[in-house]
Amino acid sequence: MSVIVLLTQLLNGVQLGVLLFLLSAGLTLVFGIMNFINLSHGSLYMLGAYFGAAAYTATGSFLLAVVAATGGSLLLGLIVERVALARLYAREHLDQVLATFGLILIFNEVARVTWGPSSVYIDVPGTLVGAVDLLGLSYPRYRLFIIGVGVAVAVALYLLIHRTRLGMLIRAGASVPTMVGALGVNLARLNALVFALGAALAGLAGLLAAPLMSVQPGMGEPILIVALVVIVTGGIGSIRGAFYGALIVGIVDTVGRAFLPELLRLMLSPSLARAAGPALASMLIYLVMAGVLALRPQGLFPVKHG
Amino acid sequence: MIRRLCVLTAVMLSLPALVRAETPLKIGFVAEFSGPQGALGQDQFDGFMLLVERNGGKLGGIPVQILKEDSQLKPDVANQVVQKLIERERVPIIVGLTFSNIMMAVHKPITEKEVFLIGTNAGPSPIAGAQCSPYQFIVSWQNDTQAEVVGQYAQEKGYKKVVALAPNYQAGKDFVAGFRRLFKGEVTDEIYTPLNQLDFSAELTQLAARKPDAVFIFYPGALGINFVRQFQQAGLLGKLPLLSTSTADGLNLPAQKEAALGMISGTFWGPDFANPVSRQFVEDFEKKFKRIPSQYAAQSFDGALLLDSAIAKVRGNVADKPAFMAALKAANFKSVRGSFRFNNNHFPIQDMHVFEVAKDAKGRISLKTVATPLKDHQDPYHTLCSLK
Amino acid sequence: MAATAILLALAAVPPLCAALAQPYYLTLFARVMILGLAAMGLNLVLGFGGLVSFGHAMYIGVGAYAVGILDAHGVTGGLFHLAAALAAGAALACFVGTVCLLTRGIAFIMITLAFAQMVFFLAVGLKEYGGDDGLSISARSAFGPLHLDDPTILYYAIFAVLLLTLLAGHRLVHSRFGMVLRGAKLNERRMAALGFPVRRYQLTAYVISALVCVLSGFLLANLTRFVSPAYMQWQVSGELIVMAVLGGTATVLGPLVGAAILLLIEEALAAFAMGLPVGVEEFVRDHRLGALGLLIVLAAVGMRRGVYGALAPSAH
Amino acid sequence: MLRLEDLVKHYGGLAATDHLCLEIAAGELHAIIGPNGAGKSTLIGQLSGEIRPDQGRIVFDGRDITREPVHRRALAGLGRSYQISSVFTEFSALENVILAVQARSGHSFRFWRRANTETQLVQPAQAALAAVGLSDLAQRSVASLAHGERRQLEIAMTLASKPKLLLLDEPMAGMSQAESAELTQRLATLKGSLTIVLVEHDMDTVFALADRVTVLVAGRTIATGTGAEIRADPGVRQAYLGEQEESW
C-alpha cells in the first residue's frame, strides 16, 4: 500500500466527512439550543437533493440547483418548525422522537408520490466532470469540489458564530439555553432561524451528494444515523465538535473500509478475514463512538458551559 | 326454479373444472415494489402481466386474479404477506420473488404448505441443492450460473488478474464464487461492501491503485447505477474492462447511460434475441411501457408462459397437485430464450450468453449479444438435490 | 377496564379466526403480541427507568438467533433454546448495560444504538448462519406435548407469556425495586443521597428488560421459522420506541396498545376499502406509510401520555 | 463525628475549598455560614460525595469516607437535604418517605410485593410524616403540595433515613416567615438526638439554633465558635459587610 493510495483514501474520508459536517451542523445546533431531537433532519437532506435535482434537470444550471436545494429546504424547514415542531420544544424527548419519526414517514411518501419510487440521477456539472491527476492517481474533480464547498461553509459558519450578534446568541443558547430568553431576545424567532439554517445546510448536503449517489426516498435515514454518531462523538451543540466529529467519522469509515480487510488478512486466515473484514469495517465508527462516550460522555469537543 | 337448480347441481357435479373456471384462479405475486429496488419488482410484474393481459386476463384459458404483494425487502414482512396469501386468500400459486434473502425466508413456508412457487428472479444455491422442493419452479437461473458465464468469458479473453466486488450478502458471495469457478486466472481481491453502501470512493481508489486486467462486479439495482457512474467519474471507464452480472441490465442502463458503454454482462437472455417469442415480447413490451424490457421482465414473462401451458394442461384443475406438478415440470412452452427445460432441481438447463453494452438500431443504449460461452448449462448444485 | 377488554379480545382471536376460517389473522395478532411484548420489555427501562435505549432490537435478535443457531446444529429442545437465549441475552445485557450506564441522556441513546449496530453487523458477518440472508429454521422449539406447530397452541403460548409478563411487570413497577427504578428516573441524585446504589438497580432493570425482548425474539423465531439480521436493524429499535411512546410509557400495558395500533392500522390501510372513488383507495393503499406517519405526528402533538395513557387512568 | 482534614478543591485556578479543616462533635448543631461564593456548596458536595476533593480527608464516625460514593455515605448515616427541594413529584407524600425508609432497610431487589403495603416500610414512613406534621397529606401527590410543604416532606425523608448526621442545605430557602418559624421549632426539638450541620443564610435561625458556628470565606474557615463569639468577631463583621457591599 503506497503513500499515495493512503493519501487518496484520506481525501475520500475528508470528502465524506465534509458532507457529514453539512448535515450535522444543523442537527447539533437544534439539539444544543432547543434541546430538540429532530429525526426528520435526514428528510430535509433528501428533499434538498430532490429540489436540487429537479431544478438541475429543468434548467441545467448547477448554481440554480444549489439555490433551489438550499432555499427549498430552508423554506420547508421553516414551515415544519412553525407548524409542528415548535409545539414540541417543551415536551419530553420521547414525544419529539415520535413526532419526527412520523414526519419521516410522511416525507418519504411525499417524495415517492412526487418523484416516483425509483431513484433519480443527476450528472456531475459539466465543468466538474472528470478527474485530476494527483501524483499519479486520478481523483474525481467533483469530489474535490465538495471538499472545497464544505470547507468554505465551515469557515463561513465559524465567522457567523464568532463574529456576529446572531452567533453570540447561538453560542449563548448552546451553553446556557435559559439565559437567552432572559436577555430579551425573541426566542421563537431565534429558534426558527437556527432551524432554517440547519435545514438549508442539510439541503445543500443532499444536493452535493446527488451526482455521486442516487436520489431516492428514504435516503435520509441511514445518513441521519451517521450524523447522530458525528454529533455525539464531537459533542452536542458545538459546531467545532460537529466539524471534527464529521472528519473523524468520515476518515475512520473510509480508511477502515479500505485497509481493515487487508490488515486482517495479515493476521487471520483468508476466509476468516474475508468474513470478518467487512463486518468489522462497518462496525468501526460505532466502536469509536462507544469508546468516546464511555470515556467522555459529553463528547470530544463539548460546548463550554457557564 | 327447482328444475333449474337441479340442472345446475348436475352441471356442477359433472363438470367441476368448468365451474371452477367461473371464479377466477387466485395467484399471488410477491416482489419488491417499494424503495430503490422497487423498479426490479415492477419490471417483473409488468412482464408477467403482459401475457395475462394479452390473454384477456386468463392463463391456460382460465380467468386469473393476480394479488400483488410488496415484500419491502424485509424477510419478516415477506413472511407475513406470504402467510396472508396462503391462509387468507388461499392461493395455490405464488409467483415472483426478487432477492435471494427474501426467497430464502419464504421458500419453506410456501413449499411446505404445498403451494407452487414460480420463482422469476432469485435462485440462491441452497434451494438448488439440498433444500430443493418439488413445489418450486425457478424459471430464471441459479445465481452462480449468471456469474459462471462471465468467468468463462474472462477465461476465454485471457485475463490473468481480476478484482471482484459485490455487496456483502449471500447472493454477492454466490456470484463471486460462480465467477471464480470457471475463471482460471487469479482473483487478486474480493471486496465486499455493505448492502446499503452507495458511495464507492474507497473501493474505486483501491481499484485504480491495483491496476488489474479486469474488474468483475455484481451490483443489482441502484447499487449498480451508482457504482458504474462513480467508476466513470473516477476516470476508470475505458481503462479497466468492467465485467458484470445483474448490473448493466435493462433497468439500470437508462440511468447509467454512456457510463456503461463497453461493459460486459452475462445472463440467459437479451433484447436482441431473434426467436419469434422474444421478438413479439420485446415489441409488445416496448409498445406498452415505452422502454426496453429488462431480463427481469423477460423471466417473469416466461413464468407466465409456463403457468399458461401447465394450467391449460390440467384444464384449470390446479388442485390436482401431482398432475399440475407434472405439467409444470414438462414446461411445454416456447420461451423467450428459445426452448425451455427444467433440471431435476426444477431450475432451467439453458445456454448462457455474454452481452456488451452498446447502442441499438434506434440509438438507444442496450445489450448486444457477443458470445455464448456456456451451452445447455446446469448449475453446480443440482446433484445435491434429491429430486429426480 | 380497558386492560381487561384488550386481553379478552386477544384471547378471543383464535376461536374467531376459526369461526371465520381466517387463520391469517392468528398470525397477525401473534405478531402484534410478540412485538408488543418487546415494546413492554423496552418500556421497563424507557418509561419507568427514564433510560432511552435505542438498541433493544438486538435482544430480539439474540432470542431469535439462539433458536436459529441451535436448530442449525440439530438441537430442537425448546428448553435448550430458551435457556441458551436467556443466558446469552443476560450475558450480553450485563456487559452492554454496564458500559452504557456510564452515560446518561443522549449519550445513552447513542451508545445503546452503537452496540446494537455492532451486533447487527456481527450477525451480517455470520456467513455460516446465513449472514445478511438470514437462516430458516427446520423445526419449531420442541416442548414435549406442547406442539408449537399447531397455530392455536403457538398463539396461546405467546398469549400466556404475554399475560405472565404483564402481571410480572405490573407487580414489579410497584414493588420496592420498581419504586427505586421510578425514583431514579425522577431524581437520580436524590436516590443516591438516600443511600441507593442507583446504577446497580438500573443495570438490573436493563437486564430484565433485555430478557423480555429476548423472549420476544425467541417467540418471533418460532412464529416465522426464520431469523435474520433484519430483526435487529436500528429501525426495529426505533419502532419499539415508537410503539411504547404511542401507546403510553407510563403504563405497563401501553406499549402493547402501541404495537397493536401501529401494526393493525398499517394492515387496515393496506386493505383500505371504503367505497371511495377507485383512484383514492389505491392511492391510500400504496402510500399507507404516509398516512400512518400523519397519524403518528397527530398523536405525538395531541396526546401527552400516549393512546392508552389517554384512555386509561394513570398507573399509580 | 465528622472531621475534615486539609480539604482542597480547585476549579481551574480558583480554590473553592482551600486547605479546610473542621471538626464537628457528635450531637451538636453546627452551622456553616459565609458570603456568596465562599465555597459552601462545594463543601456540601464534598461532604455528601458528589464532588471529589483534590486533596485531604473526610472522616465520618471514625471511618475515612473520602473516596466513598454518595450512596455508601448515605448508608453510613450521612443524610442530607437539598437547597432546591428535590422530592419525587410523581409519587405521593407517603411514597416519598417510603423510599427513604426503604433505603435503610436492606437491598431493594424485591420484585413482587407492593412496596406501599409493607408495614415495615409504611409504619416508619407515617411516623416520619407525623413528625413534620404532614400526616394529613400522606396520600396526596407531591405535585399538588405547596412549596413549604415540600420542604417539610424533604426533612421527613431525611429523618426517615435515620441519619447519624444531618446535612441541611439552606432548609429555609423560599419559606414564608411562619413556615420557617415552624421549621426552626422542629429543628430545635431534634437537637441533641443527632448531629446536624446547617448551612443557612437566615442569620436569625442560625443564631437561634446553632451550638457552634463556622464562618467560611473564600474556601477557608475564618472563625469558629459560639453564636456570641462569632457575632463579636471583627473579621467576620468585615467579611459580611464587604459581602453586602459587593452584592449590592
Side-chain angles (χ1 to χ4, degrees), chain A residues 31 35 37 39-40 83-85 87-88 91-113 117 221-222 225 228-229 231-233 236 271 274-299, chain C residues 46-47 50 52 54 96 98-100 102-128 131 234-235 238-239 241-242 244-246 249 258 283 286-306:
Chain A
F31 209 130
N35 196 21
I37 302 188
L39 293 184
S40 61
V83 171
L85 303 186
R87 294 161 205 270
L88 295 164
R91 300 268 288 274
E92 275 187 49
H93 277 166
L94 284 174
D95 287 334
Q96 303 167 355
V97 166
L98 185 65
T100 50
F101 176 83
L103 281 180
I104 291 179
L105 295 181
I106 295 176
F107 283 135
N108 282 343
E109 284 307 314
V110 167
R112 224 151 73 83
V113 172
E221 283 78 78
I225 291 293
L228 283 171
V229 171
I231 68 169
V232 295
T233 307
I236 285 166
S271 67
R274 205 170 289 139
L280 204 58
S282 310
M283 282 182 207
L284 215 52
I285 60 169
Y286 297 101
L287 266 171
V288 168
M289 170 171 79
V292 167
L293 287 182
L295 300 175
R296 280 176 70 105
Q298 71 277 36
Chain C
L46 182 92
V52 183
F54 196 2
V96 171
T98 307
V99 178
C100 292
L102 295 174
T103 68
R104 288 290 179 272
I106 181 76
F108 183 82
I109 300 182
M110 295 308 292
I111 199 168
T112 47
L113 167 75
F115 278 107
Q117 289 291 87
M118 287 188 240
V119 174
F120 168 78
F121 287 119
L122 185 72
V124 169
L126 284 179
K127 191 172 182 266
E128 49 280 38
W234 63 266
Q235 286 93 335
E239 276 163 21
I241 296 180
V242 167
V245 180
L246 187 63
T249 53
F283 187 82
D286 275 359
H287 301 289
R288 58 181 181 274
L289 288 180
L292 192 63
L294 202 61
L295 291 175
I296 288 176
V297 173
L298 289 177
V301 175
M303 279 184 265
R304 270 161 196 267
R305 289 164 52 228

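Below, chains carry the letters A, B, ... as their sequence lines are ordered, and counting in each starts from 1. Side chains included, hydrogens not; waters and symmetry mates left out as well; all remaining heavy atoms used. Not measured: the values here are computed from a predicted model.
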Which residues share a side-chain contact (heavy atoms from CB on, under 4.5 Å) with C:Val242, sequence neighbours left out: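 Partners of C:Val242 by the side-chain contact (heavy atoms from CB on, under 4.5 Å) criterion, ordered by chain and then number, come out as A:Leu98, A:Phe101, C:Leu262, C:Ile296.
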[X], part contacting chain A, at a heavy-atom distance under 4.5 Å:
X	answer
C:Phe108	neither
C:Leu126	neither
C:Ile241	side chain

With a 4.5 angstrom heavy-atom cut-off, which part of [X] approaches chain C: side chain, backbone, both or neither?
X	value
A:Leu293	both
A:Asn108	neither
A:Ile236	side chain
A:Gln298	neither

Does C:Arg104 reach the main-chain N or O of A:Pro297 with its side chain, forming a donor-acceptor pair under 3.5 Å?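 It does not hold such a pair.
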What closest approach, in Å, do C:Leu289 and A:Leu105 show between heavy atoms, and which atom pair accounts for it?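 In terms of heavy atoms, the two residues are closest at O-CB, 3.5 Å.
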When you compare the side chain of A:Val232 with that of A:Phe31, does any pair of heavy atoms fall below 4.5 Å?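 The answer is no; the side chains never approach within 4.5 Å.
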Side chains of A:Leu85 and A:Leu88, heavy atoms from C-beta outward: is any pair under 4.5 Å?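 When only atoms from C-beta onward are counted, A:Leu88 and A:Leu85 do touch, with a gap below 4.5 Å.
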Max heavy-atom pair count under 4.5 Å with chain C, selected residue of [options]:
options	result
A:Leu284, A:Leu287, A:Leu39, A:Val292	A:Leu287
A:Val113, A:Thr100, A:Leu295	A:Val113
A:Gly277, A:Ser282, A:Ala84, A:Ala294	A:Ser282

Spacing of CD belonging to A:Glu109 relative to CD1 belonging to A:Ile104, to within rounding of 0.5 Å: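 Atom-to-atom, A:Glu109:CD and A:Ile104:CD1 are 12.5 Å apart.
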As an exercise, state the distance from OG1 of A:Thr233 to CG of A:Leu228, rounded to the nearest 0.5 Å.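 If I round to the nearest 0.5 Å, the distance is 10.0 Å.
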